[in-house]
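The following block contains the structure, expressed as C-alpha cells.
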There are 2 protein chains.
Amino acid sequence: MNLNRNVSSIASLISDPSRAAILLHLLDGRCHPAGDLAAAAGITPQTASFHLAKMAEIGMVTVEKHGRHRYYRIAQASDAEMIEQLLSFAGPAPVVSLRQSDQMKKLRHARMCYDHLAGEAAVRIAESLQREGHLQKDGLQLHVTASGERFFSDFGLDLPQLRKKRRAFSRCCLDWTEREHHLAGALGQGLTERMFAMDWFHREEQSRAVRITQEGKQGIAERFGIRFD
Amino acid sequence: MNLNRNVSSIASLISDPSRAAILLHLLDGRCHPAGDLAAAAGITPQTASFHLAKMAEIGMVTVEKHGRHRYYRIAQASDAEMIEQLLSFAGPAPVVSLRQSDQMKKLRHARMCYDHLAGEAAVRIAESLQREGHLQKDGLQLHVTASGERFFSDFGLDLPQLRKKRRAFSRCCLDWTEREHHLAGALGQGLTERMFAMDWFHREEQSRAVRITQEGKQGIAERFGIRFD
DNA sequence: TCCACATTTCGATGATAATGGAAACGTCTA
DNA sequence: TAGACGTTTCCATTATCATCGAAATGTGGA
C-alpha cells in the first residue's frame with residue numbers, strides 16, 4: 001500500500017503544533033513575514049524559518065522577497081481548503097476566554113478562506129445564487145447558468161478572464177463553521193475581490209475575520225436578497 | 001489559539017505511517033483482530049497494540065473482545081469520512097505494480113466507505129436518486145422527498161427505524177475517487193445493507209473493494225436505470 | 001491441568017526532529 | 001559607511017516516540 005505515504009506526509013506537516021499554528025495563521029490568504037509567523041506560533045524566528053523551509057520544500061507555501069522581509073503564503077487554494085476541512089473534523093475549539101468567543105463569533109459570521117469569502121455570509125450568498133438560478137450545483141461544480149452569466153457580468157466580473165485562470169473556475173468549498181457549501185474557485189475569488197473593491201467588506205487586522213460595512217449590508221440586500229441584522 | 005491543538009492531534013494520529021496503514025485497513029468498516037492489523041502495517045503485534053491503544057484513547061477506534069481476539073474498528077463514520085477526504089487531497093497514489101493498479105480500478109468501481117457504499121457505483125446511484133426526485137440536496141443534507149419515502153419503503157427499508165438511530169439520517173459524503181458526492185448517514189448504511197442482503201454485491205476478502213453480482217447489475221438497472229458493462 | 005495462541009505491558013534502544021543560541025547574510029536607514 | 005533589523009544557516013541539545021525483545025495476562029483446546 002503506497003497510498004499512506006502521501007497521506008501521512010501531508011498529515012505530518014500539519015501534525016506539528018507550531019506548523020499548525022503557522023498554517024492557521026496563513027489561512028487568511030494574506031502574505032505574512034516570517035517574523036510575524038514566528039510570533040503567532042510562539043517560537044523563535046530560527047525555528048519558524050526551519051518550518052517554513054520544510055513547508056516550502058513540499059510546496060505547501062511559497063515565498064516572495066520584498067526588501068529584507070520574506071513574505072510567505074499558502075501556495076494553493078486546495079491546500080487551504082484541506083486545512084479548513086480538517087478544522088471541521090477537529091470540532092469547535094474549546095472556548096477559554098470571552099475575547100476568544102467573540103473572535104469566534106466574528107469568524108463564523110464572515111471570514112476569508114484563503115482567497116475567497118467563507119462563513120455564514122458566504123454560505124447564504126451561495127444559496128441565494130442557486131435559488132435565483134444563477135448557479136446550478138453539479139457534483140462539486142457550480143455551473144454558471146445563462147442568467148448567471150448576465151448576473152456576474154452586471155456585477156462587474158470579467159468571466160472570460162476568470163475562466164482563463166489555471167484553476168477550477170467555479171466550485172463548492174465546504175464551510176467548516178456552517179457545514180454547508182460556499183462558492184470557491186476562480187469565480188469565488190473574483191466575486192470576493194469585486195465585493196471588496198466595492199467596499200462591502202473590510203478585513204480585520206491580524207485575523208481572518210471580515211466585517212460587513214453599511215454599503216455591504218445594503219448591497220447584499222439589494223443584490224442577493226439577504227438581510228443581516 | 002487553541003484550535004490547532006485539535007487539528008494537530010488529529011493529524012499526528014494519521015501522520016505515522018504505521019497508524020495510517022492500520023486506519024486505511026480499517027476503512028473497510030469491518031472488524032479486524034489486532035494481529036491482522038499488525039501484519040497489514042508490517043509491524044510486530046506489540047507495536048500495533050501500542051498504536052491501537054493510542055487511537056482508542058482518542059476515541060478513533062473501539063475494541064470488542066471475542067474470545068482471545070480483540071476486534072478493532074473505526075468508532076465513528078465521521079472519522080472514516082475524514083480519512084477518505086484526506087485521501088482525496090493526497091491525490092492518487094503512485095502505481096507501482098500492475099496488481100496494485102488492478103486493485104485501484106476495483107476500488108474506484110465500488111468499495112466500502114466504512115459502513116456504506118462508495119466509488120463510481122455509489123455516486124451514480126446517488127445521482128439517480130436525485131434525478132428521479134427521491135432525494136433532494138439541501139446543503140450537506142439529502143432530503144428524502146415524498147416519492148423517496150415510497151421508493152425506499154418499496155425497496156425494503158424501514159425508514160422510521162433508520163431515523164431513530166443516533167446519527168445523521170441522510171447526508172452527502174465526498175467520494176475521493178470520483179470527486180462527487182455519494183449517499184451516507186443512516187440511510188446510506190441501510191440502503192447498502194439492503195443491497196447486500198439481496199446479494200447485489202459481494203465483499204472481496206482482505207480489501208475494501210466490492211464486486212457487483214449478476215443480480216446486482218440487473219437490479220441496479222431496473223431500480224436505478226444505471227447500466228454497468 | 002498443561003500447552004498453544006492472541007494480545008498486552010514493561011523496559012530499553014535508537015532514530016527522528018523540534019528547538020534555540022551563535023553567527024552569517026542581505027537590506028534598509030541614517 | 002556603519003549600524004539596526006529581518007531572516008537564514010549551522011550546530012548542539014533535548015525530548016519525543018516508534019520499535020521490538022522479554023515477560024505477563026488471558027483465553028481456548030486437549
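The figures that follow rest on heavy atoms only: side chains count, while hydrogens, waters and symmetry mates do not. Letters A, B, ... are given to chains in the order of the sequence lines, protein chains preceding strands, and every chain is numbered from 1.
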Next on the checklist: With a 6.0 Å cut-off on the ring centroids, do B/F228 and B/H109 count as close?
Outcome noted: yes

Checklist entry - Under 4.0 Å between a side-chain N/O of A/Y72 and OP1 or OP2 of D/dG6, yes or no? => result no

Checklist entry - Of A/H66 and A/S12, whose nearest nucleotide on DNA chain C comes first from the 5' end? => result A/S12

Checklist entry - Expressed in angstrom and rounded to an integer, what is the separation of A/L37 atom CG from C/dA18 atom P? => result 17 Å

Checklist entry - Between A/F224 and A/F155, what is the ring plane arrangement, given parallel below 30°, perpendicular above 60°, and tilted in between? => result tilted

Item to check | Of the listed nucleotides D/dT7, C/dT8, C/dA18, the one nearest the side chain of B/S49 | outcome: C/dT8

Next on the checklist: Would you say A/T47 places a side-chain N or O within less than 4.0 Å of OP1 or OP2 belonging to C/dT19?
Outcome noted: no

Checklist entry - Does B/K65 place a side-chain N or O at less than 4.0 Å from the phosphate oxygens OP1/OP2 of D/dT27? => result yes

Item to check | Gap between atoms CD and P, on A/E64 and D/dT7 respectively (whole Å) | outcome: 14 Å

Checklist entry - Which residues satisfy the salt bridge (Lys or Arg N to Asp or Glu O under 4.0 Å) test with A/R124, sequence neighbours excluded? => result A/E120

Checklist outcome for this item: In whole angstroms, the gap separating P of D/dG26 from OH of B/Y71 amounts to 20 Å

Checklist entry - What's the CD1-C1' distance between B/I43 and C/dT7, to the nearest Å? => result 13 Å

Checklist entry - Which listed nucleotide (D/dA18, C/dT7, D/dT8) is nearest to the side chain of B/S18? => result D/dA18

Checklist entry - DNA chain C: B/H69 or A/K54, which has the more 5' nearest nucleotide? => result B/H69

Checklist entry - D/dT19, C/dT19, D/dC5: which one has an atom nearest the side-chain heavy atoms of A/R68? => result D/dC5

Next on the checklist: Of the options C/dT8, C/dG21, D/dA18, whose atoms approach the side-chain atoms of A/Q46 most closely?
Outcome noted: C/dG21

Checklist entry - How would you list all residue pairs meeting ring pair (Phe, Tyr, Trp, His ring centres under 6.0 Å) that involve residues 34-63 of chain B, not counting sequence neighbours? => result none

Next on the checklist: For B/E205, is there an ion pair with B/R30 - N to carboxylate O distance below 4.0 angstrom?
Outcome noted: no

Item to check | Presence of A/H51 side-chain N/O under 4.0 Å of C/dT19 phosphate oxygens OP1/OP2 | outcome: yes

Item to check | Spacing between B/D16 atom CG and C/dA15 atom P, to the nearest angstrom | outcome: 17 Å

Item to check | Atom pair distance, as rounded to whole Å: CD in A/E57 and P in C/dA17 | outcome: 12 Å

Item to check | Atom pair distance, as rounded to whole Å: CZ in B/F50 and P in C/dG11 | outcome: 15 Å

Checklist entry - Under 4.0 Å between a side-chain N or O of A/R70 and OP1 or OP2 of C/dT27? => result no

Item to check | Separation of D/dG6 P from A/H32 NE2 (nearest whole Å) | outcome: 17 Å

